[in-house]
4 protein chains.
Amino acid sequence: MKAQRVEMFVCPMASPSDTSGLQRLADEGKVKPDTLVALVGKTEGTGAHDDWGRVWADVVLREWTARLLGIPVDEVASHVIFVLSGGCPGVITPHIVAVTREWVEAPDQVAGAEKRLVVGRAGSDPMPPEEVGRMGQIRKVAEATHRAMADAGLTDPHDVHLVMVKVPGLTTASIKDAEGRAKTVVSHDLTFGPEGAGVYANDAAALGVAMALGEVKESALSDAVVRRDWNLYSEVAMTSSGGEKRHGEVVVFGNSITSRSALRIGHAVTKDFIDAEGVRNALRTAGIHFSDGLPDESDLSRLVHVFAKSVIPGSDQIRGQRITLLDDTDAYQIGKALGGMLVASVTGRTTNYVSGGERNSHQGPPGGNIVAAVVRTD
Amino acid sequence: MKAQRVEMFVCPMASPSDTSGLQRLADEGKVKPDTLVALVGKTEGTGAHDDWGRVWADVVLREWTARLLGIPVDEVASHVIFVLSGGCPGVITPHIVAVTREWVEAPDQVAGAEKRLVVGRAGSDPMPPEEVGRMGQIRKVAEATHRAMADAGLTDPHDVHLVMVKVPGLTTASIKDAEGRAKTVVSHDLTFGPEGAGVYANDAAALGVAMALGEVKESALSDAVVRRDWNLYSEVAMTSSGGEKRHGEVVVFGNSITSRSALRIGHAVTKDFIDAEGVRNALRTAGIHFSDGLPDESDLSRLVHVFAKSVIPGSDQIRGQRITLLDDTDAYQIGKALGGMLVASVTGRTTNYVSGGERNSHQGPPGGNIVAAVVRTD
Amino acid sequence: MKAQRVEMFVCPMASPSDTSGLQRLADEGKVKPDTLVALVGKTEGTGAHDDWGRVWADVVLREWTARLLGIPVDEVASHVIFVLSGGCPGVITPHIVAVTREWVEAPDQVAGAEKRLVVGRAGSDPMPPEEVGRMGQIRKVAEATHRAMADAGLTDPHDVHLVMVKVPGLTTASIKDAEGRAKTVVSHDLTFGPEGAGVYANDAAALGVAMALGEVKESALSDAVVRRDWNLYSEVAMTSSGGEKRHGEVVVFGNSITSRSALRIGHAVTKDFIDAEGVRNALRTAGIHFSDGLPDESDLSRLVHVFAKSVIPGSDQIRGQRITLLDDTDAYQIGKALGGMLVASVTGRTTNYVSGGERNSHQGPPGGNIVAAVVRTD
Amino acid sequence: MKAQRVEMFVCPMASPSDTSGLQRLADEGKVKPDTLVALVGKTEGTGAHDDWGRVWADVVLREWTARLLGIPVDEVASHVIFVLSGGCPGVITPHIVAVTREWVEAPDQVAGAEKRLVVGRAGSDPMPPEEVGRMGQIRKVAEATHRAMADAGLTDPHDVHLVMVKVPGLTTASIKDAEGRAKTVVSHDLTFGPEGAGVYANDAAALGVAMALGEVKESALSDAVVRRDWNLYSEVAMTSSGGEKRHGEVVVFGNSITSRSALRIGHAVTKDFIDAEGVRNALRTAGIHFSDGLPDESDLSRLVHVFAKSVIPGSDQIRGQRITLLDDTDAYQIGKALGGMLVASVTGRTTNYVSGGERNSHQGPPGGNIVAAVVRTD
């Protein structure tokens, strides 16, 4: 039987164009043209849609990958998935994570084996602008999630702990296109504000994952519930959107009995914006033990990486007291930064993947956020 | 023997002009004209020097206090000390803390008594602009700290856990005055930037406390060390400055065997910006017990209040990894917000006093911050 | 015949609570309890919905007016209209304009008389939340505009040069109320973003004025055109909205042959965001002469006040070249500040009323903005 | 006689990496390897020191130039001077200006010839960190300015209308270096705040130009006057600094009777921050005629480019009225944006070079700013 062996390598970046960490991995043979499946990271910059730090990093990383794989830059996307989240306010170290997958020969079944990390990818059918933020997008993400699970060798949704999705958003051009064909679009607001096309796309993607994993029944879904019924959500979907894309991309992380990885993934959700215990719970599900707030020394060294969302709550109350976060001029940055602190205060390190800043989401429960952790098992 | 009985009442504020919580305390007889010694709080607004939320709150609170005490507004300052810190970014609930002190008759000495909370106040001699941020200011704060300790009935510096100080800063007018008398001033930068008059004043005040408490020897102090030698610092001084003031104000919180309070104060310093364990240590010194990261349910209800600084580290490294906080456009807000999250993630509540945002300080060790906690003992 | 004599007094404010300029006018008898009809001004602060500078100014000005009129504060609103626009970024001097109206006995008709300034006010019927940003609001503003014109003694829409309107917006509470009655609302976005309830309310109010003045035919109006068909607009409506209001308020400024004022008003629209000539045209219509870019010395002294909008264009092109204003993090502040500069660079002074910062509006043509000027005629 | 023929080509950039305009010029033979002397432009991005838009543009433009010249990237700096000013808030179109210089054979003297544009360049001696912001830097810039004038063929300072200078600033590393050699540095503040090393370096460079051109006598200069005596200034120096540089670079633009250019340059200073007439004066000195505020249609087409500073005034008063610009949270962006508007409102276009945002400078008189204009003469 062919079995997966998945690895993750976390490389801090000294600037948006710093590929030295990746190059070292390539030089050491840890990252190879046929094993690199995804590059996931946090880039320094404004975090806005015209974040040139992120754009520059994207250009440089694709060029680096093209050189590694010996292919033209415009073919890179079909070999390696890029998830770059812009903005490292506060205590989030800019970094890139190389995810590799090798196929190794393994005995068909091992008695008493533990479930270990697997990864799978899939692209979706094209999503025209009129589907963005609506059922069309939800269904296509759900379908792609199923295929990414299959690629990962996962069948039980409970084994899925993190689904990263990128989908098309809207642009001035794509809205014109849709309306030229007498179609409506979900929003004319191109920002990531509460009624912005960007968050509608993100949230449709999240509901697509929720539908694929059975977290939400298809019958409960409709155009009308997107960004309205916050009781519908996924506990494992981290999604993003970009106007320039035409189809969706899905990468699934889970645990499988067939995996030959040394890594394991777990996840949990925080109950509210200050819930450090929720972060600890995510680490616990992956196999980290705590005593008195911080991981055991020995355990901390086994923590490979944390992926967390930091969506701003829609309410101005936390545990019964008013906060003014929703009114902060810079709520988008502060919201993201606060998620970075919540995670760093638990992991004792700053190289954590934390994206967010938007208000309300179907990524995680109302007020809470998703945290996934990858741990080395030995 | 006359002994102190000190109480603290935390009132969330629904807006900068909300005195309803204080009024309720007055109506219930908990705050009385002759017992109110200080109002300490966080006000919502920009946190900048023209933060109208803070200014409005200051006006309204002084008017309220004048009515309570039955005196003109301009006499309020000589009866009650006001420490209002502007800006509640993120998860800091706007609130005001009323500190009251009663003198009760008590037996001279009680065998086996525990040390409990006492409070003392003192004003300093006038500080001309040429002394701001220099030895003149340091010595006058030290002297006032000694008198505030005496007012509190404290003699051992180890019993002092929090010293709040307000001192004069510089203004265009006071610089002109000094230079007109052929004196120099410490800075022409009126901001709270790294070479700003505001931080020089704050830091001279902190070194004054450090000198008074023996944390730093007088012989180690000179104009040249202020904001240069970061190894000189206080672990208990929280200081602020304002251009309009002419002399300093000091309020000391400590524990004394003679106190008849039901409260106890403790403090600790964080070792770096993400050190949740440092916050837990502060709560532990005051008598809170932890199991697995969060206070015990029963203990949390005994926690009265936390006072914390959130000074941004001067280094761009935390535990060996680079962060970009120093470059964040909005570092002042984000730095303050992150301190709020660090404390809230430990206390499980958002009504914490967290001030800061400036870069580097003699308030606390390099990279770390001061945290003081007040706990009910029974 | 009774005829109006309208005056405007511009008082710079040294802080949000500075009423000294108004008090001086009252002491001099220029502003009297029975002549004060409106206070219109720019207050310093963030310009956001929780702008405490504006809120504090509002409280202080209403208290001052209550004292002047000898009535309780909560009755002030029915005597004097308050239009306070928050935020003075850049070169906009915080100021308050007192508008007074006296009724004087005048001969019925004067041959060859020039049209001079008149002012009229009216309140609208209550506007439930489901009407906000929709035809209900449009029609009620139109109706109130007609009554305000009547109060001003104006019948010809061409004599109307400025209509200031305040209408209800939406709040969390009012949305809940509407949805509880099975009504929908125009938006769940409570911001002033492109799909925010605040701009929908502002724009419905602008279309209401346009309908009243015949600038847009009623038959061209529907819920669907609000913030969609930018070719429908008013050239004289400056509107704002607030969640706390229940009905609309309209104040109309125009010129009438019956007026006995020494002032005249004119207006024009700019063709795009950098059109200084549009500002000059507004001043010209009111009677200012230009030579070589700046008003004649003597003419400038006759300019009483300028009221201008600074709505950010929806396009990223000005005169064929790309600008990045739409992407500026702080576009709201910058957009307002730029309007202030455009006006100040023409008037040679900084005490101009400039509100704006939102993207796109039915207040003025696509890309352009409304400018009204009041000039002393002798 | 060999005579200069200087041209300027303004290329709007669609993104920080857009070299299409330059490439078109190269394809058309307008820019050649041996004629390109400088690339001067505005890049979109934050304008902060970690502005990745500017950094990316810098990398891409140097790579493009290296390809054009057929040399390695690290040799580009010795052939072409790069002046990239980051940040295009408001109405400043991102663009790059290619400056070319050809040497043509010309008759020795032409009776009645008009002065036309010439350009000259020079590098300075290395400037160690202890000289930054002090007399060492001032003298070395003055010396390099003299050599750049000689390179331009200019001898009379009155013929110099624009001097662009780049000098070393300070970094953590260079401060350590200086202090390790027992030298002091001008500031430990690495920001562009009022006491920041960046503005000290900029201002020493400006005073160096002023000394070279006789605008300020050497005897009036000392370390103590830098950023203290604002009556010492240059009317033609636009300067910038960067920590990574080791020596200064100077490029001088002026008019000479020997030039065979079709272009002419002129300059003026504004008297204050809203002085549109000052901008018009700059255009007039270069040969543009105005009627009623805007350039004549025909004249506007002859305007090649405007270079302007937008330094924020140190005072909070403009023409006797208070403004709050100094207190604006985002004063750096707003100050730059306002300069962009002031120029655009006069030129009727948005492709203007406007740098600034810092408070106070020896670049231009107190409160005023430098504006230079290049005009086609036929």
Side-chain angles (χ1 to χ4, degrees), chain A residues 12-20 41-64 66-67 73-74 84-96 171-173 190 242-244 324 327-334 336-337 350 357, chain D residues 12-20 41-64 66-67 73-74 84-96 171-173 190 242-244 324 327-334 336-337 350 357:
Chain A
M13 295 174 82
S15 81
S17 67
D18 177 16
T19 56
S20 61
K42 291 294 306 177
T43 55
E44 60 193 302
T46 62
H49 82 269
D50 65 338
D51 177 348
W52 302 115
R54 182 181 49 73
V55 175
W56 188 24
D58 189 80
V59 167
V60 167
L61 288 169
R62 286 178 194 274
E63 286 173 355
W64 179 85
R67 280 197 302 277
V73 167
D74 57 9
L84 297 184
S85 167
C88 295
V91 292
I92 302 171
T93 294
H95 68 274
I96 187 80
T171 62
T172 308
L190 297 183
E244 72 294 351
T324 60
D327 297 330
D328 286 337
T329 310
D330 212 8
Y332 184 78
Q333 298 284 2
I334 290 175
K336 196 184 292 184
T350 56
Chain D
M13 295 174 81
S15 81
S17 67
D18 176 16
T19 56
S20 62
K42 291 293 307 175
T43 56
E44 60 193 301
T46 62
H49 81 269
D50 64 339
D51 176 348
W52 301 116
R54 182 181 51 73
V55 175
W56 188 26
D58 189 82
V59 167
V60 167
L61 287 170
R62 285 177 196 275
E63 287 173 355
W64 179 85
R67 281 196 302 276
V73 167
D74 58 9
L84 297 184
S85 168
C88 296
V91 292
I92 302 170
T93 294
H95 68 273
I96 187 81
T171 62
T172 308
L190 297 183
E244 71 293 352
T324 60
D327 296 330
D328 286 336
T329 311
D330 212 9
Y332 185 77
Q333 298 285 1
I334 290 175
K336 197 183 290 183
T350 56

Peer 1: How long is the gap from CG on D:Asp51 to CH2 on A:Trp52, to the nearest 0.5 Å?
Peer 2: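 Separation between the atoms: 10.5 Å.
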Peer 1: Under 4.5 Å from any heavy atom of chain A, what part of D:Val60 do you find: side chain, backbone, both or neither?
Peer 2: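 It is neither, since no heavy atom gets under 4.5 Å.
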Peer 1: So which of D:Gly45, D:Gly53, D:Pro16 has the largest heavy-atom pair count under 4.5 angstrom toward chain A?
Peer 2: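 Result: the option with the highest number of such pairs is D:Pro16.
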Peer 1: Which distance, rounded to the nearest 0.5 Å, do you find between the OG of A:Ser17 and the CH2 of D:Trp56?
Peer 2: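 One gets 11.5 Å once the value is rounded to the nearest 0.5 Å.
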